[in-house]
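Step one of this worksheet: look at the structure below.
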Amino acid sequence: MASLQATRFLVSSGYSARINAAISVPKLPGIRISVPRKPLNLVEELTLRDGFTSTIPIEKSPATTNTRIDQEPATTGATVKLYAILEAVADRVEMHKNIGEQRDNWNKLLLNSINMITLTAATMAGVTAGGAAGAPLLALKLSSALLFSAATGMLLVMNKIQPSQLAEEQRNATRLFKQLYRQIQTTLALRDPTELDVKDAMEKTLALDKAYPLPLLGRMIEKFPEKFEPAMWWPKSDETEGRKQPKKVATRGKNGWSEDLEDEMREVIEVIKTKDSEDYMRLGNLALKVNKILAISGPLLTGIAAAGSAFLGHGSWAAIVAVTAGALASTVNTFEHGGQVGMVVEMYRNCAGFLTLVEESIESTIQEGDLEKREEGEMFEMNVALKLGRSLSQLRDLARKSSSSRADGTGIDEFASKLF
């Protein structure tokens, strides 16, 4: 009544106003009533979740009724073993990565330290030629001789272990262990592994451990072998031991293989042997010889400088020999370790090993008489093309050029690999 009288008062007083009135009704608290229902077994619960409550018939049986929800499919022993190998490979990746960084630091620190020692000793030898006598001459002479001797000893150790080559070895090992890690992951993702997969992964891991050892003493790779050889980081099989010429197998279009594809792979092998592998062996031998000369020259020059320092004060020739030999030793050391000649040798070893691996994989595949046991033909051709940095059409053109050049008696002027 009060609001009605107020409205009449406003209208009668001449005011025009628009009045919006809202009536708010308090909400009652919701009450949830839980109705007990019959417990469902696992099959019924899954069908209800998927929304197929009336389309899929459910046959009740004692086995279904007693099925426990927390049961999971059993994991095979091969899967467990492969996961254990996967963890070991991941650990090796970290180890080789950390040690590679450490040995790269060795190269930088030893190079700078030896150069500073050599140049300091040469400066001292030059100062004595300015007319020092008595105690100052003796002090400078002893200091210069000791510094040159220390540089000689450090250079002998550094040239023996080749830190730049050690660092490159660990970088290659890290890359190859990462590759193996991804291969194992792919196997676990695509299918259930078998004992053969476990054996293969184990052999590859041990072969990598042998090819790229971590310790320096006793197991270090020989840095100055008599003959340059490619790196071998894969397990040797019976087929690769003999290295026989690939025999021709009759193909009838099974598993993606044909006679044309086999001929193409043989031509690729021929190009790798005659061009790529031969070139990398030549470059590797050249780099190895240069590294040997530099490794001998550095300590020899610092030793000559140390001998010259011992005769300082007995004529100007001693100072000339000490200063000149010290400067040359610093130059040789910088060229060898600053230019990382050892790393270049290891790079050629790795490249030659990669080409040898491609060659052996093609040979072992086309030597397999059972076509069903081979890798699928088109997939194998694509993998070879990718490894060589080519497209499928470029790989076929290479095989065609190789065949025609051999028929004409002229060598092919193209390398198989376009990656390096």
Side-chain angles (χ1 to χ4, degrees), residues 77-107 157 160-189 193-243 280 284 288 340 342-361 363-364 387:
T79 304
V80 175
K81 293 177 183 177
L82 205 56
Y83 270 112
I85 297 174
L86 188 69
E87 292 180 2
V89 170
D91 186 53
R92 280 167 170 79
V93 169
E94 292 298 323
M95 285 193 297
H96 284 281
K97 179 182 176 182
N98 295 336
I99 292 179
E101 293 175 355
Q102 177 198 52
R103 291 175 181 176
D104 188 47
N105 289 334
W106 283 1
N107 186 59
V157 175
K160 176 66 177 177
I161 65 175
Q162 292 289 316
S164 64
Q165 188 170 349
L166 289 175
E168 182 66 15
E169 290 172 6
Q170 301 309 312
R171 283 191 286 266
N172 290 332
T174 302
R175 179 181 62 84
L176 292 170
F177 271 114
K178 285 182 178 180
Q179 186 181 68
L180 178 59
Y181 183 85
R182 289 190 294 268
Q183 289 175 359
I184 297 175
Q185 280 188 322
T186 303
T187 301
L188 290 168
T194 62
E195 291 294 334
L196 187 62
D197 295 321
V198 175
K199 180 182 178 183
D200 182 64
M202 192 72 177
E203 289 178 351
K204 288 181 178 179
T205 303
L206 296 178
L208 279 172
D209 288 339
K210 183 179 179 181
Y212 298 102
L214 289 171
L216 291 178
L217 300 177
R219 296 181 56 192
M220 182 180 69
I221 298 175
E222 178 60 41
K223 299 301 182 289
F224 301 102
E226 295 181 1
K227 182 182 177 182
F228 177 81
E229 294 182 355
M232 305 285 285
W233 61 82
W234 58 93
K236 300 292 290 183
S237 60
D238 297 335
E239 290 81 4
T240 57
E241 288 289 346
R243 298 298 302 274
Y280 275 108
L288 183 61
Q340 299 190 356
M343 182 273 294
V344 175
V345 174
E346 183 61 28
M347 181 187 69
Y348 285 141
R349 283 186 70 246
N350 183 73
C351 293
F354 171 77
L355 294 171
T356 304
L357 177 60
V358 174
E359 180 186 337
E360 289 186 2
S361 64
E363 287 181 349
S364 61
K387 289 177 180 178

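Everything numeric in this text was worked out from a predicted model, so none of it was measured. Numbers here are sequence positions counted from 1.
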Between Y212 and H96, is the ring centre distance below 6.0 Å?
->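 Y212 vs H96: aromatic centres not under 6.0 Å.
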
How far apart are the closest heavy atoms of [X] and [Y], and which atoms are they?
| X | Y | value |
| --- | --- | --- |
| A211 | M232 | CB-O, 3.3 Å |
| A167 | G100 | CB-O, 3.9 Å |
| L82 | P193 | CD2-CB, 3.5 Å |

Is the closest side-chain heavy-atom distance between [X] and [Y] below 4.5 Å?
| X | Y | result |
| --- | --- | --- |
| F228 | Y280 | no |
| Q170 | Q102 | no |
| I184 | L180 | yes |
| K236 | E360 | yes |
| V89 | Q183 | no |
| D209 | L206 | yes |

Side-chain donor-acceptor pair present, E203, W234, cut-off under 3.5 Å =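 W234 and E203 do not have a side-chain donor-acceptor pair below 3.5 Å.
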
Apply side chain to side chain contact (heavy atoms under 4.5 Å, CB included) to the pair K387 and F354, showing each step before the final yes or no.
-> CA-CA 9 Å; K387 289 177 180 178; F354 171 77; 3.9 Å; yes

Start with the C-alpha distance between E346 and R349, add both sets of side-chain angles, then the distance that settles salt bridge (Lys or Arg N to Asp or Glu O under 4.0 Å), and finish with yes or no.
-> CA-CA 5 Å; E346 183 61 28; R349 283 186 70 246; 2.8 Å; yes

Are any side-chain N or O atoms of [X] and backbone N or O atoms of [Y], one a donor and one an acceptor, separated by less than 3.5 Å?
| X | Y | result |
| --- | --- | --- |
| D200 | L196 | no |
| D197 | T194 | yes |
| D91 | E87 | no |

At what distance, to the nearest 0.5 angstrom, does CD of E363 lie from OG1 of T356?
->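 Separation between the atoms: 10.0 Å.
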
Distance, nearest 0.5 Å, that separates CZ of F177 from CG of L208 |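 Interatomic distance, F177 CZ to L208 CG, rounded to 0.5 Å: 4.5 Å.
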
Just do the side chain to side chain contact (heavy atoms under 4.5 Å, CB included) check on R182 and K178 with the steps written out, would you?
-> CA-CA 6 Å; R182 289 190 294 268; K178 285 182 178 180; 3.9 Å; yes

Who are the side chain to side chain contact (heavy atoms under 4.5 Å, CB included) partners of M220, not counting sequence neighbours?
->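 Side chain to side chain contact (heavy atoms under 4.5 Å, CB included) list for M220, sorted by chain: I161, L166, L216, K223.
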
Count the heavy atoms of every other residue, nucleotide or ligand shown that sit under 6.0 Å from CD of E222, and state whether that count exceeds 12.
->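 Yes, CD of E222 has more than 12 neighbouring heavy atoms, counting only those of other groups under 6.0 Å.
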
List the steps, then state whether salt bridge (Lys or Arg N to Asp or Glu O under 4.0 Å) holds for R103 with E169.
-> CA-CA 10 Å; R103 291 175 181 176; E169 290 172 6; 5.4 Å; no

